[in-house]
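In what follows, chains are A, B, ... by sequence order, proteins preceding strands, each numbered from 1. Note that the structure is predicted; figures quoted are calculated from it, not measured.
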Protein chains: 2
Amino acid sequence: MPTQTRRERARDERRTLILRTARDLAESEGWDAVTTRRLAEAVDYSQPVLYGHFKNMDAIAGAVALEGIGELAAVLQAADGLHELARAYLEYAETHPAVYEAMFTRSTDLVFGTADSPSVLKAAFAAIRAAVEPYADGKDTETLTEVFWSALHGQATLTRGHRLRPTHAQPRADTLVALITSAGQHPLSGRKLPDTD
Amino acid sequence: MPTQTRRERARDERRTLILRTARDLAESEGWDAVTTRRLAEAVDYSQPVLYGHFKNMDAIAGAVALEGIGELAAVLQAADGLHELARAYLEYAETHPAVYEAMFTRSTDLVFGTADSPSVLKAAFAAIRAAVEPYADGKDTETLTEVFWSALHGQATLTRGHRLRPTHAQPRADTLVALITSAGQHPLSGRKLPDTD
DNA sequence: GTCCGGATCCTAGCACCGCTAGACAATCTA
DNA sequence: TAGATTGTCTAGCGGTGCTAGGATCCGGAC
């Protein structure tokens with residue numbers, strides 16, 4: 001059935017166009033500028049067309065977020081070592097602020113919850129966990145991963161909100177990594193840990 | 001001039017009423033529910049009255065945020081030691097989610113910038129810095145303070161967004177504090193650091 | 001006591017928002 | 001070619017932030 005396939009393909013292309021346009025608009029003017037009217041005009045369709053592809057406006061932002069999580073997971077998997085992963089994470093957040101905001105700051109309903117979209121999200125978390133594990137030193141790796149991720153997330157959001165000295169982003173990242181890499185180094189335990197630099 | 005004074009007092013009381021109502025509404029139903037119409041109805045005035053006290057809706061949220069920062073600063077100053085401070089910080093964020101959101105997640109324009117409101121904000125940061133300083137071990141205290149604060153902020157926001165295991169908030173906080181308190185404990189330096197527990 | 005001027009407040013409205021019903025056009029099926 | 005399905009649009013509803021312009025109150029001058 002080639003006709004049906006062509007229709008479906010056209011539909012997919014339009015969906016992709018909507019997402020790409022929404023994403024571009026959000027990155028250039030912020031999510032407040034991504035309204036149904038402006039988005040519909042940008043893709044040269046009327047507003048109801050958007051609702052043929054997405055349940056509502058939040059679903060569009062959610063789809064952009066999911067796309068971004070996939071990108072972030074790939075970036076983190078490609079990173080080698082904890083230091084490199086931290087750098088990659090913060091760089092992604094800085095260079096894609098609107099997507100990052102859609103992922104972790106905007107309303108959270110759909111993203112988490114082990115329902116229909118967790119695979120790519122688990123992949124991102126697993127990448128962080130893999131980089132953290134060598135430094136867990138037998139302790140709770142899951143918790144240490146959450147702590148490390150939270151710290152990265154905090155730096156990303158507070159830096160973006162101009163709450164931290166913009167000139168010291170690099171020392172902050174380095175300090176955080178150093179805290180983790182020397183985590184198990186208590187005076188009583190002289191165990192050697194893998195080096196990161 | 002008693003009449004002028006009474007007028008001013010009435011004006012101040014009304015301003016306080018607006019802020020308290022906005023805050024209550026935000027905490028009970030979220031900031032999306034704090035609209036000019038609902039807020040005006042709740043304080044039993046018409047919408048234009050709000051604009052006689054605040055430039056716009058964001059300014060109301062900003063005033064609530066400033067109020068919250070003062071509270072947070074007081075809470076942090078009252079805390080004794082790094083562990084206690086971390087607990088107090090996360091507890092405040094958890095028990096006042098809407099105020100915390102107004103402080104650090106919503107649009108950031110007015111809050112920072114060393115303009116007219118930094119004193120109370122600097123007090124909050126100074127309280128964190130004072131608790132961190134004993135563990136800086138001669139390194140850059142300011143950077144370590146930013147790292148610690150970012151980590152707390154990340155835990156607060158990701159926990160609230162249900163991105164972290166809700167059952168492990170305590171271990172996360174403990175782990176973060178442990179990372180800081182053992183920061184200077186490299187194998188080559190056997191210096192004794194103050195104990196926290 | 002009367003009147004005036006300024007402060008205060010409200011009604012009404014603008015342009016925009018997310019979202020949807022119902023009419024119309026285009027395309028596929030038979 | 002006739003009918004059914006799909007796609008798209010126009011028009012509109014109730015809501016939003018915010019403001020102009022008129023009414024109303026109230027302290028001070030005479």
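Remark: B:E146 does not engage A:R163 in a salt bridge, criterion side-chain N to carboxylate O under 4.0 Å. Salt-bridge formation is detected for the pair B:R87/B:E91: a Lys NZ or Arg NE/NH1/NH2 atom is positioned less than 4.0 Å from an Asp or Glu carboxylate oxygen.
Residues in residues 35-54 of chain B take part in these salt bridge (Lys or Arg N to Asp or Glu O under 4.0 Å) pairs, two or more places apart or across chains: B:E29-B:R38.
Summarising the geometry, the separation between CH2 on B:W31 and P on D:dG17 is reported as 12 Å, rounded to the nearest angstrom. In this structure, the CE atom of B:M57 is 14 Å from the P atom of D:dT19, given to the nearest Å. Here D:dG17 presents its C1' atom at 12 Å from CG of A:D32, a figure rounded to the nearest Å. Rounding to whole angstrom units, CG of residue A:L39 and P of C:dC17 are separated by 11 Å. Atom-to-atom, CG of A:L50 to C1' of C:dC17 comes out at 14 Å; the value is rounded to the nearest Å. Across the protein-nucleic acid pair, B:H53 atom NE2 and D:dG17 atom C1' stand 18 Å apart, rounded to whole Å. Here C:dT20 presents its P atom at 21 Å from OH of A:Y45, a figure rounded to the nearest Å. D:dT16 atom P lies 10 Å from atom CD of B:E41, rounded to whole Å.
Looking at heavy-atom distances under 4.0 Å, A:R14 makes contact with sugar-phosphate atoms alone, never a base.
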Quick tally for nucleotides 10-15 of chain D: nucleotides whose base has a protein heavy atom under 4.0 Å get B, sugar-phosphate-only ones S, the rest -, giving BBB---
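Closest to the side chain of A:Y51, out of D:dG7, D:dC9, C:dT20, is C:dT20.
Take A:Y45 and apply the side-chain hydrogen bond (donor to acceptor under 3.5 Å, both in side chains) test, not counting sequence neighbours, and it matches no residue.
Taking the side chain as every heavy atom from C-beta outward, A:Y135 and A:F148 never approach each other to under 4.5 Å. Taking 4.5 Å as the limit, some side-chain heavy atom of A:T159 sits within range of a side-chain heavy atom of A:R172.
Distances shorter than 4.0 Å separate some side-chain N or O of B:T36 from OP1 or OP2 on D:dG17.
Shown are B:H153, B:R160, B:R106, B:E94; of these, the side chain to side chain contact (heavy atoms under 4.5 Å, CB included) with B:Y100 is made only by B:H153.
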